[in-house]
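These notes concern the structure reproduced below.
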Amino acid sequence: MDTSPGAPPRPGSQVYGYFSIATGTIDTGKRVVGIVCPSEYLGSEKKSKQKKDSNNLFSTVKLDNTTHIFNNSIAIIPEGISDADAISTSYASIVGVHCAFIPKLNDIGGSKDKFRIDGGSVVVVGGADFSCFVADSLATLGAKVTQVTTDRFLSPRKVGKASSVSIIQPAVGKLKLGFSYAIGRFDALVDTLTDEAKVGETMLQSYQKSYGSDDASGNPEHNPDFDWDVFENSSAVLRELKNRNKCSRYVSTLSTSQRILRDEGLVFGRQRANNHIDELIKDFKTVSHNKLSSKLSGKKNREYQYVIPPAKFGPETLQTLLDNKVVYPSRQQKNAEVLTRQWSLKDYWELTTWPRDSSGAANIRFGFPVIDDIDTIMDEQDTVVSESTAENSPILSEISVADDDDDDVVKPKTSYVKRIDGLDYLEQEILSKDKDCLLFLSAKYCRTCKYLAPQYTKLARDKKEEDLVFAQADLSGKVGKTIGKTLGVNAVPSFMMFRKGKAYGDVISVSRLPSKKLNLALKYLTSGEKWDSRKFRTEVEGKK
């Protein structure tokens, strides 16, 4: 079975992870599924001593005269689930489910340790069958799951706790916020479409960089000091997910065949991806499954390393899924000797049609946190900020987990003016409630803004009888920059209007209040009249 994360070829050997799965009846008479223990490992004197402890990660159970399976991989197969589906669910869940939320355990293999993810929050990216299986599985295991997909017709499934999965688009709400900003904090992200990690380094090689190649095939459960920064490499997107969303784990399920299709396209990549799968199947038929590592020299120059099952995988993760009928059906030929991760046409189309966000230093998928090349500089201006309508302002997104020190921020000190502390508040209090609103955009370093603040409060008090919300947002600091970018405003002081929760008219900049320009804009807003920029400028300038 190909469990390779899909990194491009590197000099020297190409390393692939694999393991064998078997079903059968154990001494208790129950039908089980589990990962086979290679005879080379079983015959090792060191491991033989360890396997005597049934709670140990390396202990095994005899399935028949020639086959032993790891205790940590065993799950009882309930009635109604075929052996083929149990095997398919086993390999699908070890990659995209169990690895997405491995807890830090103090005593590996100890009886007091429990694999629990209750209360954890996970984001699953993608809408194809495998993505839905991962989302449903994590929800059934107790996680709060948000599935992000471009499929507008995808709905929650009815197995396990799948109905609790929240399904959203990459752009969320009326402001079209990126999903990472809209969700806020989450513990892990499972990416089924591509790999945002550094190109050229596989998951297995990252593990080995921390552990050394001889440590149980690089299993993270073996080392409490495992450095996830090494796994995440130097990807800017992953660093931002960690720093801004507090996302401690990024898992890509991208296979090599998916990577080939992604890089070479459907026309040229499809055949090469299929050829790669055929080669793997031929290799696995010649590889010794009794050894921990097998090398194939010549043109292929490949190395296959046996993957030891992680702690608690079978009895807690896999068993919970099977008991709740959360199954990843086997769509390959029955009785096939080799199961491989196939490429998915639906995954390919979703990745290629996913909206892009080029507002930062790189062109990335919309919704992931964006990094700017340089900070936006906002100068004090007393003219109209934008000749285009605010309705056509660019929708950009940047995530922030904390604002800068807000000392000296121009804060509204009265109930007449609402303070907007973030885009989520703007969405909840103004946009989603279809309110008419005048929003004062200021900054703590702006002298003119400080001068206008009390005058703006007076304006709000004078118009308190009108059905109009007066609000104020500070554009300095990280959260402020996000507000400014999303609204398409890069200068202060500025005023922006909303009619029934939607951006209305031009962004207006004035240096004093009361202002003929702003009063005229408010007249347009409250009268229900359609905005006409040319007519507005003509009236402001006093022309007929």
Side-chain angles (χ1 to χ4, degrees), residues 1 3 19-37 54-55 57 59-64 67-103 111 113-118 120 122 124 129-143 145 147 156-165 190 253 307-339 341:
M1 181 181 70
T3 59
F19 50 83
S20 298
I21 304 176
T23 59
T25 303
I26 57 176
D27 293 340
T28 60
K30 294 181 179 180
R31 193 75 176 164
V32 299
V33 60
I35 295 177
V36 176
C37 176
S54 61
N55 288 324
L57 181 66
S59 65
T60 61
V61 171
K62 186 176 180 180
L63 196 61
D64 56 39
T67 307
H68 288 72
I69 53 179
F70 288 103
N71 245 324
N72 275 303
S73 69
I74 297 175
I76 299 171
I77 304 176
E79 289 187 23
I81 296 179
S82 67
D83 286 3
D85 283 352
I87 291 174
S88 180
T89 303
S90 180
Y91 87 77
S93 59
I94 199 171
V95 175
V97 179
H98 192 85
C99 291
F101 224 106
I102 301 173
S111 59
D113 293 326
K114 292 293 182 181
F115 180 82
R116 298 182 63 85
I117 61 176
D118 293 349
V122 185
V124 178
D129 291 345
F130 183 69
S131 307
C132 293
F133 168 75
V134 172
D136 297 347
S137 298
L138 290 168
T140 301
L141 289 166
V145 180
Q147 187 174 4
R157 282 67 59 185
K158 297 180 180 180
V159 295
K161 298 181 180 178
S163 59
S164 67
V165 175
V190 181
T253 64
V307 177
I308 306 300
K312 309 289 184 178
F313 165 67
E316 299 196 19
T317 301
L318 182 58
Q319 191 66 65
T320 301
L321 300 184
L322 295 178
D323 289 345
N324 285 275
K325 302 297 188 291
V326 182
V327 174
Y328 188 65
S330 173
R331 291 176 173 81
Q332 295 177 292
Q333 185 177 358
K334 291 184 177 180
N335 302 319
E337 295 180 23
V338 180
L339 295 177
R341 289 285 314 285

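Because the structure is a prediction, the values reported are computed rather than measured.
- Checking side-chain atoms of S93 against main-chain N and O of S90 turns up a donor-acceptor pair under 3.5 Å.
- Taking CD1 of I35 as the reference point, atom CG of N71 lies at 12.0 Å (rounded to 0.5 Å).
- The ring-ring contact (aromatic ring centres under 6.0 Å, His included) search around F133 returns Y328, not counting sequence neighbours.
- In this structure, V32 and I69 have side chains that are in contact, with non-hydrogen atoms separated by less than 4.5 Å.
- Looking at heavy atoms from C-beta onward, L321 lies out of side-chain contact with V327 at the 4.5 angstrom threshold.
- Applying the side chain to side chain contact (heavy atoms under 4.5 Å, CB included) rule to P78 yields the partners I81, L322, D323, K325; only residues at least two apart in sequence or on another chain are considered.
- For the pair V326 and S137, the tightest heavy-atom approach, listed with the atom from each and the gap, is CG1-OG, 3.5 Å.
- For the residue pair A22 and T67, the shortest heavy atom distance occurs at CB-CG2, 4.5 Å.
- Summarising the geometry of A75 relative to G314, their closest heavy-atom pair is CB-O, 3.7 Å, with the distance given to 0.1 Å.
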*Please walk me through it: do K161 and V145 pass side-chain contact (heavy atoms from CB on, under 4.5 Å)?*
CA-CA 10 Å; K161 298 181 180 178; V145 180; over 6 Å; no
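- The two atoms that bring P310 and I94 nearest to each other are CD-CD1, 3.6 Å, heavy atoms only.
- Taking 4.5 Å as the limit, every side-chain heavy atom of H98 sits out of range of all side-chain heavy atoms of L141.
- Residue P329 comes nearest to S88 through the heavy atom pair O-OG, 3.6 Å, listed as atom of the first residue, atom of the second, then distance.
- Atom CG of D27 and atom CG of L63 lie 9.5 Å apart (nearest 0.5 Å).
- The shortest non-hydrogen separation linking L318 to S73 is CD2-O, 4.2 Å.
- D136 CG to N324 CG: the interatomic distance, rounded to the nearest 0.5 Å, is 11.0 Å.
- Contact annotation: the side chain of N72 never approaches that of F313 to less than 4.5 Å [non-hydrogen atoms, C-beta and beyond].
- Of the inter-residue distances, the one linking D83 atom CG with S330 atom OG reads 11.0 Å to the nearest 0.5 angstrom.
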